[in-house]
Colleague: 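Below are the C-alpha cells for one structure; questions will follow.
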Amino acid sequence: MIQIDKSLIDTLRKSESIVFFTGAGISSESGIPTFRGKDGIWNKLKPEELANFNAFIRNPEMVWEWYNHRKKIIHEAQPNAAHLTIAETQNHFKNVTVVTQNIDNLHRRAGSNTVFELHGNIERNFCINCKKYYNEELDFSKGVPKCECGGLIRPDVVWFGEYLPEDQFLGGEKAAISSDVFFVVGTSAVVYPAAGLVYTAKQSGATIVEVNLEETPLSSIADYSYFGKAGEILHGVLEEYKLSLKY
Ligand code: BJW
Ligand code: ZN
C-alpha cells in the first residue's frame, strides 16, 4: 500500500476544482491494452501504419479490422476502481472534470458527469466525404461501410496529424487553467497537444499529481508522483481524504 502524502491531503481539503487527465493506463485494469510500454499494442503494430488518415485511405479494411477488434474488447470491459473512484470524487469536490485521451467511454459509464474527450469516441463514426454521423452498428457484410453519398465511413477518433475537436480541447484547457489539483493518470504523456495541458495546469498554479506504473517525461514537473496501479492509488488518495474529514 502506497503512502499518500499528508500535504497532498491538506491541499485537497482546500481545493474546489479537481481535474483528472487520463490516458490508456487507466483502462488497462479493465483489460484494454495500452499503446506504449511493456504490454503496449504498438510494440507489435506501428502507430503510423494504423492511426493516421493516409493509412485508412490506403487500407481501410485493415484499419477497420483493428478498430472492430478494439471495439469488441471495449464493449466487454467494465469501468475499474480508478474510473469509479474518479466518479466518486464528485461527491466531495465542487468541480470535478475528466479530460481523457481515451476513446472507450469508461469514464461516463463509471458515472463521471463532465468528460472532455480529446481523441474522440469509438462509439461514433462519420463519413470522410460529407461528415454525416453514423453512430448505429455498422454493417461490414459488403466490406468497409459507405455513406449514402459514397464516402467511406471512419471511426470518430483523432489520428496523427489531425486537429483535436475544438470544443473538447477548449473545455479541457479551461478546466486545466482553473484547477486546484490536476491528476495525470496512466498516460505516457508523449502525445501533443494533449500532454501540453499538464503544463497549462502547472503554469496556472495547479498542484500536479502523477499516477503511473513508471516515470514519464512529466514526472519532473509533478508535485507528487505515485508509482503503481491507478485503481489502488486513486482509491488510496480518496480514502485518506475521507479519513481526514473525520478529524
Ligand atoms: C498505467 C497502468 C496502470 C499502464 N496504472 N498507469 C513532434 C513533437 C511534438 C508533437 C508532434 C511532433 N510530431 C508530430 C507531432 C504531433 C503529434 C504527436 O504528438 N506526436 C508525438 C507522438 C511525437 N500529435 C498529433 O498529430 C495530434 N494532432 C495535432 O498535433 O494536430 C495539429 C496538427 C494538425 C495538422 C498537421 C500537423 C499538426 C493528434 C494526436 C492523436 C493521437 N491519437 C491516438 C489514437 C486515437 C485513436 C485510437 O485510440 O485509436 O491517441 S495515438 C494514441 O496515443 C491515442 C492515445 O490517446 C495517445 C496517448 O497515449 P496514452 O494514453 O498516453 O497511452 P500510452 O500507451 O502511451 O501510455 C500508457 C501509460 O499508462 C504508460 O505510461 C504506462 O506506464 C501507464 N500504465 N498501466 C497506472 N494500471
Ligand atoms: Zn457522406
Side-chain angles (χ1 to χ4, degrees), residues 2 20-43 45-56 63-64 66-71 73-74 80-83 85 99-105 117-134 145-166 168-169 183-198 209-219 225-236:
I2 281 184
F20 292 94
F21 173 64
T22 66
I26 198 171
S27 296
S28 72
E29 288 160 62
S30 296
I32 301 173
T34 59
F35 296 93
R36 304 167 188 83
K38 189 162 58 65
D39 301 318
I41 43 179
W42 285 347
N43 294 337
L45 300 163
K46 287 271 158 284
E48 58 272 19
E49 281 170 25
L50 291 166
N52 75 70
F53 187 73
N54 290 340
F56 181 69
V63 174
W64 262 118
W66 187 49
Y67 279 96
N68 280 334
H69 167 70
R70 290 172 60 208
K71 211 182 232 180
I73 295 174
I74 286 168
N80 64 52
H83 301 102
T85 301
V99 183
T100 189
Q101 298 167 86
N102 299 343
I103 60 170
D104 60 24
N105 244 349
E117 294 171 323
L118 301 180
H119 292 161
N121 189 310
I122 202 167
E123 301 298 332
R124 299 188 303 256
N125 316 288
F126 69 93
C127 165
I128 63 169
N129 187 28
C130 72
K131 316 292 179 223
K132 181 173 175 205
Y133 272 92
Y134 285 86
K146 286 197 176 141
C147 175
E148 56 202 21
C149 83
L152 289 170
I153 296 175
R154 60 166 279 182
D156 187 11
V157 298
V158 181
W159 287 327
F160 284 108
E162 295 182 329
Y163 289 105
L164 277 55
E166 198 182 5
Q168 302 298 298
F169 187 74
F183 287 86
V184 184
V185 187
T187 175
S188 58
V190 295
V191 174
Y192 282 81
L197 290 178
V198 186
V209 184
E210 181 175 49
V211 179
N212 202 305
L213 293 181
E214 57 192 26
E215 282 197 20
T216 75
L218 291 174
S219 304
S225 286
Y226 296 112
F227 298 114
K229 290 185 174 175
E232 288 168 17
I233 291 171
L234 291 178
H235 179 74

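These numbers come from a predicted model, not from an experiment. In listed order, ligands and their atoms are each counted from 1.
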Colleague: Between N129 and C147, is there a side-chain heavy-atom distance shorter than 4.5 Å?
Modeller: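 They are not in side-chain contact.
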
Colleague: To the closest 0.5 Å, what do you measure between CG (N212) and CG (L218)?
Modeller: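 Nearest 0.5 Å value for the CG-CG distance: 9.5 Å.
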
Colleague: Are more than 12 heavy atoms from other residues, nucleotides or ligands located less than 6.0 Å from atom CD of E215?
Modeller: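 Check fails, neighbour count at 12 or below.
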
Colleague: Do any N/O atoms on G186 end up under 3.5 angstrom from N/O atoms on ligand 1?
Modeller: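 N/O-N/O distance below 3.5 Å exists for this pair.
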
Colleague: Heavy atoms only, cut-off 4.0 Å: how does W159 contact ligand 1, side chain, backbone, both, or neither?
Modeller: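 Backbone only; the side chain of W159 stays clear of ligand 1.
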
Colleague: Side-chain contact test, heavy atoms from C-beta onward, threshold under 4.5 Å: evaluate it for V191 versus R36 and give yes or no.
Modeller: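 Side chain of V191 against side chain of R36, heavy atoms only: contact under 4.5 Å found.
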
Colleague: Answer side chain, backbone, both or neither: which part of R70 comes under 4.0 Å from ligand 1, heavy atoms only.
Modeller: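 The answer is the side chain of R70.
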
Colleague: Return a yes/no value for V191: is any of its N or O atoms, backbone included, closer than 3.5 angstrom to an N or O of ligand 1?
Modeller: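 No, V191 has no N/O under 3.5 Å of an N/O on ligand 1.
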
Colleague: Mind checking the CZ-CG spacing from R124 to N105? Nearest 0.5 Å is all I need.
Modeller: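 Rounded to the nearest 0.5 Å, the CZ-CG separation comes to 8.5 Å.
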
Colleague: So, regarding W66 and ligand 1 (criterion: nitrogen or oxygen to nitrogen or oxygen, under 3.5 Å), is there a contact or not?
Modeller: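 The answer is no, given that W66 and ligand 1 share no N or O pair closer than 3.5 Å.
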
Colleague: Measure the spacing between CZ of F21 and OG1 of T187 and express it to the nearest 0.5 Å.
Modeller: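 Answer rounded to 0.5 Å: 5.0 Å.
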
Colleague: For ligand 1, indicate whether the residue Q101 contacts it via side chain, backbone, both or neither (heavy-atom separation under 4.0 Å).
Modeller: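 Both the backbone and the side chain of Q101 come within reach of ligand 1.
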
Colleague: Should we say atom NZ of K146 is surrounded by more than 12 heavy atoms from elsewhere, each under 6.0 Å from it?
Modeller: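 Atom NZ in K146 is not packed in, count stays at 12 or less.
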
Colleague: Which of the atoms in ligand 1, numbered in the order shown and given with their element, are less than 4.0 Å from a heavy-atom of E214?
Modeller: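 In order of number, 75 (O).
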
Colleague: Rounded to the nearest 0.5 Å, what's the gap from CD on E117 to CD1 on I122? Could you check?
Modeller: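 Rounded to the nearest 0.5 Å, the CD-CD1 separation comes to 11.5 Å.
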
Colleague: Looking at ligand 1, would G231 count as a contact under a 4.0 Å heavy-atom criterion?
Modeller: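 For ligand 1, residue contact (heavy atoms, under 4.0 Å) with G231 is absent.
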
Colleague: Quick one: look at V157 and ligand 1, take heavy-atom pairs under 4.0 Å, and tell me if it's side chain, backbone, both or neither.
Modeller: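 The answer is the side chain.
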
Colleague: Got a sec: does the OH of Y192 have more than 12 other heavy atoms crowding it under 6.0 Å?
Modeller: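 Counting neighbours around OH of Y192, more than 12 heavy atoms of other residues, nucleotides or ligands fall under 6.0 Å, so yes.
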
Colleague: Looking only at N/O atoms, are S188 and ligand 1 under 3.5 Å apart anywhere?
Modeller: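 Yes - when backbone and side-chain N and O of S188 are compared with those of ligand 1, one distance drops under 3.5 Å.
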
Colleague: Under 4.0 Å from a heavy atom of V190: which atoms of ligand 1 are those, numbered in the order shown and with their elements?
Modeller: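 Result: 19 (O), 21 (C), 22 (C).
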
Colleague: Carefully, step by step, assess R154 and N125 under the rule side chain to side chain contact (heavy atoms under 4.5 Å, CB included).
Modeller: CA-CA 5 Å; R154 60 166 279 182; N125 316 288; over 6 Å; no

Colleague: How many angstroms lie between CG in D156 and CD1 in I103, if you round to the nearest 0.5 Å?
Modeller: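 Spacing of CG (D156) from CD1 (I103) equals 10.0 Å.
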
Colleague: Work out how many protein N, O or S atoms lie closer to the Zn ion (ligand 2) than 2.8 Å.
Modeller: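 The number of such protein atoms is 4.
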
Colleague: Check whether any N or O atom of I103, backbone or side chain, sits under 3.5 Å from an N or O atom of ligand 1, and answer yes or no.
Modeller: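 No; the residue has no nitrogen or oxygen that sits under 3.5 Å from a nitrogen or oxygen of the ligand.
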
Colleague: Hey, does A230 come in under 3.5 Å of ligand 1, counting only N/O atoms on both sides?
Modeller: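 Indeed, backbone or side chain, A230 has an N or O that close.
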
Colleague: Please indicate whether any nitrogen or oxygen in Y192 is less than 3.5 Å from any nitrogen or oxygen in ligand 1.
Modeller: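 In this structure, Y192 places an N or O atom under 3.5 Å from an N or O of ligand 1.
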
Colleague: Which atoms of ligand 1 are found less than 4.0 Å from any heavy atom of G23?
Modeller: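 Counting from 1, the qualifying ligand atoms are 62 (O).
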
